[in-house]
Protein chains: 2
Amino acid sequence: MTEKAAPSPEAIKAWARLMRVSRQLMESAEEALKAAGLPPLAWYDVLHELAEAGEGGVRPFQLIERTLFAQYNISRLLARLEADGLVEKLPVADDGRGQTIRITAKGRETRRRMWAVYGRSIAELVGAKLSADELTMVSALLGRLRHPPVVD
Amino acid sequence: MTEKAAPSPEAIKAWARLMRVSRQLMESAEEALKAAGLPPLAWYDVLHELAEAGEGGVRPFQLIERTLFAQYNISRLLARLEADGLVEKLPVADDGRGQTIRITAKGRETRRRMWAVYGRSIAELVGAKLSADELTMVSALLGRLRHPPVVD
DNA sequence: TCAAGCTTGATGCAATTGCATCTATTGCCT
DNA sequence: AGGCAATAGATGCAATTGCATCAAGCTTGA
């Protein structure tokens with residue numbers, strides 16, 4: 001019956017809210033970082049992944065999987081991070097094509113300073129607006145919109 | 001006690017989900033439009049506002065308020081839309097600085113064709129994943145994250 | 001009335017993104 | 001081994017974004 005696959009009013013509204021709110025929140029956080037003289041959010045995402053990975057480092061293609069950035073985007077972002085001394089590129093033993101990216105001490109420090117600002121933004125923009133239960137519910141519902149969906 | 005304003009784990013998770021899911025969904029929709037040889041999502045947003053406004057048209061600064069795009073972004077986007085014949089710029093009687101933007105027949109047609117694809121994306125990506133009640137709940141929760149918050 | 005300040009919209013220039021393609025390796029299959 | 005597709009990452013070029021600033025027209029107040 002539903003050959004046309006027209007979205008329901010509820011779906012349209014949820015979509016619109018999602019797009020608008022996420023854009024607005026992202027911009028607020030971005031603005032706070034900029035006001036503090038810190039790099040943009042994308043840098044944080046990558047530094048976060050690298051910090052979690054530890055001394056072993058991460059391959060660029062793994063960053064692509066985890067951050068959802070485009071390949072060329074990661075490639076150039078890493079070049080900028082390296083130029084700023086926040087990461088270092090190491091050759092990888094068993095694959096002559098690839099490299100391993102490792103965060104430097106300066107990179108960790110930058111990430112720490114970014115988190116001071118970014119974390120506060122999250123607390124203000126999200127943590128202060130909904131209860132813990134409501135936040136958990138948001139996470140659960142959004143998780144089911146992910147691809148692949150998450151149940152947690 | 002909470003001087004540092006550190007975000008709770010629930011807030012962090014909800015934020016991360018929100019950022020990741022919105023980006024992923026937006027890209028899916030964008031991809032679908034591109035695959036159909038249609039313009040990007042930003043064009044839809046503007047054409048949608050213009051179509052709602054009707055023959056009276058809308059002032060660019062109103063589009064800025066409604067779409068949350070940056071001023072220079074709207075300015076150039078309208079220039080592209082005009083170059084494509086999707087909108088027309090009319091002088092406004094009582095304000096020599098401004099202009100009124102009105103959607104053309106071709107603009108309405110383009111919007112219609114975009115909606116056929118975009119609406120299907122929304123139905124698939126969101127409508128098919130959650131029930132109407134759940135979608136309403138998502139809208140309500142996200143509404144409270146907006147600035148200014150919405151109660152509905 | 002007219003100078004100062006505000007609002008509306010455009011634009012020059014640098015940085016970033018997107019697209020397509022390229023090089024270098026690797027792995028596979030014969 | 002040798003050829004060939006697949007993978008990892010970089011890059012030239014065009015389009016878009018972001019920033020700062022500009023020009024033009026309105027508004028207000030002395």
Side-chain angles (χ1 to χ4, degrees), chain A residues 23-24 26-46 49-50 53 57-84 87-102, chain B residues 23-24 26-46 49-50 57-84 86-102:
Chain A
R23 188 162 45 177
Q24 199 175 40
M26 173 116 60
E27 267 170 29
S28 293
E30 201 82 72
E31 203 175 313
L33 285 171
K34 187 163 349 186
L38 291 167
L41 263 185
W43 288 37
Y44 184 84
D45 288 352
V46 169
E49 290 299 331
L50 291 172
V58 186
R59 299 284 300 267
F61 73 88
Q62 295 177 302
L63 287 174
I64 292 168
E65 294 165 2
R66 296 179 197 178
T67 64
L68 303 186
F69 289 133
Q71 183 270 322
Y72 57 80
N73 223 323
I74 285 289
S75 177
R76 295 200 253 228
L77 182 43
L78 289 176
R80 278 172 238 151
L81 288 171
E82 187 188 28
D84 263 44
V87 309
E88 48 190 352
K89 299 182 173 182
L90 311 170
V92 61
D94 57 340
D95 189 340
R97 296 166 297 186
Q99 48 191 297
T100 295
I101 309 297
R102 191 166 62 193
Chain B
R23 190 162 43 178
Q24 198 176 41
M26 173 117 59
E27 266 169 31
S28 293
E30 201 83 70
E31 203 176 312
L33 285 171
K34 188 166 344 186
L38 291 167
L41 263 185
W43 289 37
Y44 183 85
D45 288 352
V46 169
E49 290 298 331
L50 291 171
V58 187
R59 300 284 300 271
F61 73 88
Q62 297 177 302
L63 287 174
I64 292 167
E65 294 164 2
R66 295 178 199 178
T67 62
L68 302 186
F69 288 135
Q71 183 270 321
Y72 57 80
N73 222 323
I74 286 289
S75 178
R76 294 199 253 228
L77 182 42
L78 289 176
R80 278 172 239 151
L81 288 170
E82 188 187 29
D84 262 45
L86 304 183
V87 308
E88 49 192 350
K89 299 182 173 182
L90 310 169
V92 63
D94 58 340
D95 189 340
R97 295 165 299 186
Q99 46 188 300
T100 296
I101 309 298
R102 191 166 63 194

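Any value given below was found using the heavy atoms of this structure, including those in side chains, with hydrogens, waters and symmetry copies removed.
For the pair A:Y44 and A:L33, the minimum side-chain heavy-atom distance is 4.5 Å or more. Taking 4.5 Å as the limit, some side-chain heavy atom of B:D84 sits within range of a side-chain heavy atom of B:W43. Side-chain contact between A:P60 and A:I101 is present, with at least one heavy-atom pair separated by less than 4.5 Å.
Remark: B:K34 is in phosphate contact with C:dC19, judged by side-chain N or O atoms under 4.0 Å from OP1 or OP2. Put simply, A:K89 has a side-chain N or O that comes within less than 4.0 Å of OP1 or OP2 on D:dA10. Here B:R59 reaches the OP1 or OP2 of C:dG9: one of its side-chain N or O atoms lies under 4.0 Å away. Between D:dG18 and B:N73, a contact under 4.0 Å exists linking OP1 or OP2 to a side-chain N or O.
Using modelled atom types, no side-chain atom of B:Q71 and backbone atom of B:I64 make a donor-acceptor pair closer than 3.5 Å. Checking side-chain atoms of B:S28 against main-chain N and O of B:Q24 turns up a donor-acceptor pair under 3.5 Å. Between the side chain of B:R59 and the backbone N or O of B:Q99, at least one donor-acceptor pair lies under 3.5 Å.
In the set D:dA10, C:dG9, D:dC19, the nucleotide with an atom closest to the side chain of B:Q71 is C:dG9. Nearest to the side chain of B:P60, among D:dG9, C:dA10, C:dG9, sits C:dG9.
In this structure, the CD atom of A:E30 is 14 Å from the C1' atom of C:dA15, given to the nearest Å. In this structure, OH of A:Y72 is placed 14 Å from P of C:dT16, rounded to the nearest angstrom. Spacing between atom CZ of A:F69 and atom P of C:dG18 amounts to 10 Å, rounded to whole angstrom units.
Between B:P40 and A:I64, the residue anchored closer to the 5' end of DNA chain D is A:I64, taking for each the nucleotide with the nearest heavy atom.
Residue contacts for B:R76: at a heavy-atom cut-off of 4.0 Å it reaches a base atom on one of the strands shown.
The stretch residues 90-101 of chain B comes close to DNA chain D through B:D95, B:G96, B:R97, each having a heavy atom under 4.0 Å from the strand.
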